[in-house]
Amino acid sequence: MILPSISRSVLRQHSKAAARYATNIHASRTMATSSSPWSQFEMAPTDPIVGLNEIYNKDDFPSKVIVGVGAYRDDLGKPYVLPCVREAEQILMDKNLDMEYTGIAGEPKFVDLALKFVYGEDSVPIQENRVHGVQALSGTGGLRVFGELMAKHGHKHIYVPNPTWGNHIPIFTNSGLEVRKYRYYDAESSDLDFTNMMKDIKDMPKGSLILLHACAHNPTGMDPTMEQWKEMSETIKKQGLVPFFDCAYQGFASGDPVKDASSVRMFVEDGHLISMVQSFSKNFGLYGQRIGALSVVGADEDEAKRVVSQMKMVIRPMYSNPPRQGARIVTTILEDPRLTQDFLDQCRGMADRINLMRTLLQDKLAEAGSTKNWDHITKQIGMFAYSGLNKDQVMEMREKHHVYCTADGRISMAGVTSGNVDYIANAIHDVSK
Amino acid sequence: MATTTENLSSSIENNSDEDDEGGRAAFAAQKKHKMSPHSAGTVDRPSSIRRSSLLLSPEWDMERKSLRHLGDLDDDDQIRIAYFPNIPTIQDVATNEGDDDAPAVDVSAARRSLFKTKTHATVTSDDEWSTASVTSDSLSDFDDDDDHTVTGIWQNVPEAPPDAILGIAAAYKACEHPQKVNICVGAYRDDNGNPYVLPTVRKAEYRLLEQNEVKEYLPIEGDRDFVYCAMKFAYGREMDIENHVAAVQSLSGTGACMLGGQFLAQFWGSDHPIYVPNPTWGNHIKIFKQCGLKVRKYRYYDRSKNALDFEGMLKDIKRAKDGSIILLHACAHNPTGCDPTMEQWKEIVSLISSKSHIAFFDSAYQGFATGNSEKDAQAFRYAVSQHVPILLAQSFAKNFGLYGERVGTLSIVCGDVVQKERIMSELRSIIRPLYSSPPRHGSSIVKTILMDPALKEEYYQECAKMAIRIKKMRKKLEEALQVAGSIHDWSHITKQIGMFAYTGMDEAMCKQLTEEFSIFLTTNGRISMVGLNNSNLTYVANAIHTVTAGKTITA
């Protein structure tokens, strides 16, 4: 589940290979296998989440089911483009816009709307114009820019919850930060390990970066309660830590974007100078457009702008400027009250279906005869259910039942439909009884 | 709220083809118009230019003024020197070329001390510089003695230097002169000076909308159909893509260079330097340094002749240690527009082969340079035919006009399919922690066009039209200069190719063009041909003649 970073041994191998090639400079000039500069390369490990798709695609079992990638599916198992997104696209086509480069920081209108969406228009720092940011390549892109930025500005490490989204680790490692973990989830009880989390937070050195999942923790789906968030906020403040939010499911978790932003808004109200990455992949269904935002709350306007200017320095040699279409779509929706309402309804629709599937899956497991406690399936929130299945059980489920989820037992509830929920429940029961 | 700078014509702010000189033009634009003793004709000059609040700080201006004597360094060096007069430039380091046992100059210590004495922002974008300047030595936070409060987190973050190109965009926009001309822009303009969306691109967009295209994640390596089409477009129909080309979709040219740089730094070894032509697109240097590669330069342009310094180029490539990476512009060299002939390419490739170098081609103008996309691919196709290991960064920003959608590819030609699969796995492991997967809109458009024979034909015509208009402007400019009475040899304008012409004008002349005639360009004398059209051509020609009459345009 934890992705290995590009290991030193792999790097060493390649340096050796390069050296080996250099000494063979007088070997044959043809692009023969042995004298090519690439001949000594090894296969890199496949990404466990994305790699799952490949394995699944190779399977030709007719009733195969994949509940791996976190992309929403409707009740027929089909990808879903939000109608408000379609409408926004039509509006944009009619405008005949050009395709010129946008700024390094992206579309200013988009950034403005994105920040207001999460921080709230009435947020004090927003009113005081000290929240600034850049358009980012969805969540991953924003995380990477942030990691590079912080590594450049004296940070050596970042704390992430254990477990966390697998890609967090190579993102920060490749940025030059040491990834440290704080306890988060208790697998035994399938619940938040709050006491130990607080212990770990109190042990963090002053000034440390701490990554927090704003809502719908990935992969566990276990979020702190508002009381727990309050305690975390106070302790983090006392410890002098630097809170950084990953907000990938706003609106998608509970169905209410304001509710899903509660933790973030609480921290801001408590005076934390937070930084945050937002993704619009899930809530707007714009997975492939790579649209997100990276922002900071500064002590004052100038400070926030300075940080943004440094973000741009990271972005320019990475990809110069971000793609426009996703930003234009989100802007078209959020600047129009009626389209915004449509979005809210459609986003809630997705969240509701997922919650329905959670209930259904728990019921079906009971029906299948399982005597285990599956309460966590309905207690958890967001796109994923951390089933509690271990690696062997997951593999057995793949081989015997052709049900594919990631090796950590994380099930994408978005992939569950009324059509396949029985099958999935039986498969889970079979491997876990 | 994003900074007000974001509201400007962003095609200049971060345009891939711009270098970092805009600050000078901006500075020039700040001044009031002056009557030049050389002025001719009845050009209307406004009494003042509205000063944009975005223009540079007085301290920065003063530094630049004091460093004008530095002469013939390229743009990036000038920018670095403007901030740090005592630090050797990359060029100084690069004169150790061939002598790789010479110790690298330790710039970081000098840089750090300089930073401490400065009161205003001094961080540059070069990775090497910025880690030296903003280290935990100079920042006072994050140690136990500090009174670290919540409010202290960002307070020591300095302002990054303003993107100098922004200065030109700002100045142009702020200028109220009725005949103002923007020949700094790096995105195509039609004969009315307007941005141009190719009709086939619009058609493809309509089709995607009609087909209710999904918005799912692309694979890490991008849209496979798109990549396949792009590879056929680049390497030709006969190329065996499946077995010999490892290719991934990238975030246009910048992203491709970045991926290639990451790949080479990690897997070829960062002890192999990358050699870039002098001059080159400004962002190349930043990109490769951020990847952790040593960046050096090879001689390329001879300003005394306004032509290729072929001998110098060969000498420098030869002196580079075996296994170095040589960056080559596939066609329409940016910023000079000066390309080697096919015979010269053959010699270059042969030399690279004998040195076991890796050829890293940057192809940003295929089809856009000559109008013939097969012809524009000759250089790297030749290298492939000679079994030189190549990397190819491919951009669809200019030739498809898809600037803002960030479409491109990075490809690596390899010996067999086993190597290919391994390289693909390495590239995926680089991409995934960067941005997971590329944006799909632009690649869907390109794929729609290239996979439809009718659309593809139309596309070739549209791209050729852009190239033809540029060629016409080159010819007309040369003629107009002669008509204006200039006795200089301007043949390099028509010999050069692509979006830009390296005129040979010096900084003073460029400044004068801006101050007196409201013609905005970078101060290295580079003009963007797409900014010229039938309406402004004569005006520009007359202005250029005015500022160059009686002076030299060769260094």
Side-chain angles (χ1 to χ4, degrees), chain A residues 14-15 18 22 25 30-31 33 36-38 41 43-44 47 50 79 81 89 93 98-105 108 111-112 129 137 140-141 144 153-154 170-171 174 206-207 237 240 242 273 285-290 298-299 303 305-307 309-310 313 317-321 323-325, chain B residues 1-3 6 10-11 13-16 125 134 136 139 142 148 150-151 153-154 157 159-160 187 195 197 209 214-218 220 251 254-255 258 267-269 286-287 290 322-323 356 387 389 402-406 414-416 419 422-423 425-426 429 432-436 439-441:
Chain A
H14 292 142
S15 302
I25 52 172
T30 63
M31 186 59 86
T33 307
S36 156
W38 323 124
F41 276 48
M43 280 300 273
D47 181 287
V50 178
V81 177
E89 280 191 297
M93 276 307 285
D98 63 43
M99 286 175 156
E100 297 292 290
Y101 292 117
T102 185
I104 300 175
V111 175
D112 182 50
N129 199 21
L137 292 164
T140 310
R144 182 61 180 262
H153 287 84
I171 291 171
N174 280 293
K206 207 190 328 194
K237 200 183 222 177
V242 181
L273 294 181
L286 290 170
Y287 307 94
Q289 322 317 102
R290 319 311 292 127
E303 184 176 280
K305 285 180 175 173
R306 288 203 313 271
V307 178
S309 75
Q310 294 290 343
M313 293 298 239
M318 219 187 251
Y319 54 86
S320 280
N321 44 80
R324 305 198 74 167
Q325 201 225 13
Chain B
M1 185 64 70
T3 60
E6 297 309 327
S10 50
S11 67
E13 181 212 2
N14 54 55
N15 185 295
S16 308
S125 57
V134 189
S136 42
L139 293 176
F142 311 131
H148 180 84
V150 166
T151 55
I153 293 170
W154 307 117
V157 173
E159 168 89 42
V197 176
L209 195 58
V214 293
K215 306 261 178 281
E216 295 295 291
Y217 288 117
L218 286 179
I220 298 175
L251 293 159
T254 309
M258 183 269 298
F267 302 112
W268 187 235
K286 294 173 194 137
I287 294 170
Q290 180 139 312
D322 288 8
S356 301
H387 304 292
L402 287 169
Y403 307 92
E405 297 303 340
R406 320 310 291 130
C414 40
D416 59 29
Q419 284 176 24
R422 288 176 184 165
I423 293 175
S425 75
E426 306 295 9
S429 72
R432 176 62 160 150
L434 268 168
Y435 50 86
S436 282
R440 62 179 298 143
H441 189 60

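Just so we're on the same page: letters track the sequence lines, and every chain starts at 1.
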- prompt: Which answer fits V307(A), side chain, backbone, both or neither, if we ask what part of it has an atom under 4.5 Å from a heavy atom of chain B?
  reply: both

query: What heavy-atom pair brings M99(A) and L402(B) nearest, and what distance separates the two atoms?
result: SD-CD2, 3.5 Å

- line: Comparing L434(B), L251(B), V214(B) against chain A, the one with the most heavy-atom pairs below 4.5 Å turns out to be L434(B)

- line: So CG of L218(B) and CD of Q289(A): to nearest 0.5 Å the spacing works out to 8.5 Å

task: Using atom types as modelled and distance alone, determine if a side-chain donor or acceptor of R144(A) lies under 3.5 Å from a backbone N or O of P433(B).
output: yes

Flag side-chain contact, heavy atom, 4.5 Å: P317(A) against M258(B): no

- prompt: Excluding sequence neighbours, so at least two apart, what forms side chain to side chain donor-acceptor pair (under 3.5 Å) with E216(B)?
  reply: R73(A)

message: Could you measure the distance from the OH atom of Y403(B) to the CG atom of D98(A)? Nearest 0.5 Å is fine.
response: 10.5 Å

task: Quickly, which of E405(B), H441(B), K215(B), R440(B) forms a side chain to side chain donor-acceptor pair (under 3.5 Å) with Q325(A)? Name it, please.
output: H441(B)

- prompt: Which bit of V197(B) is near chain A, if near means a heavy-atom gap under 4.5 Å: side chain, backbone, both or neither?
  reply: side chain

Shortest non-hydrogen contact between S436(B) and R290(A), atoms and distance: CB-NH2, 3.4 Å

message: Please find the pair of heavy atoms, one from M93(A) and one from L209(B), that lie closest to each other, and give the distance.
response: CG-CD2, 3.4 Å

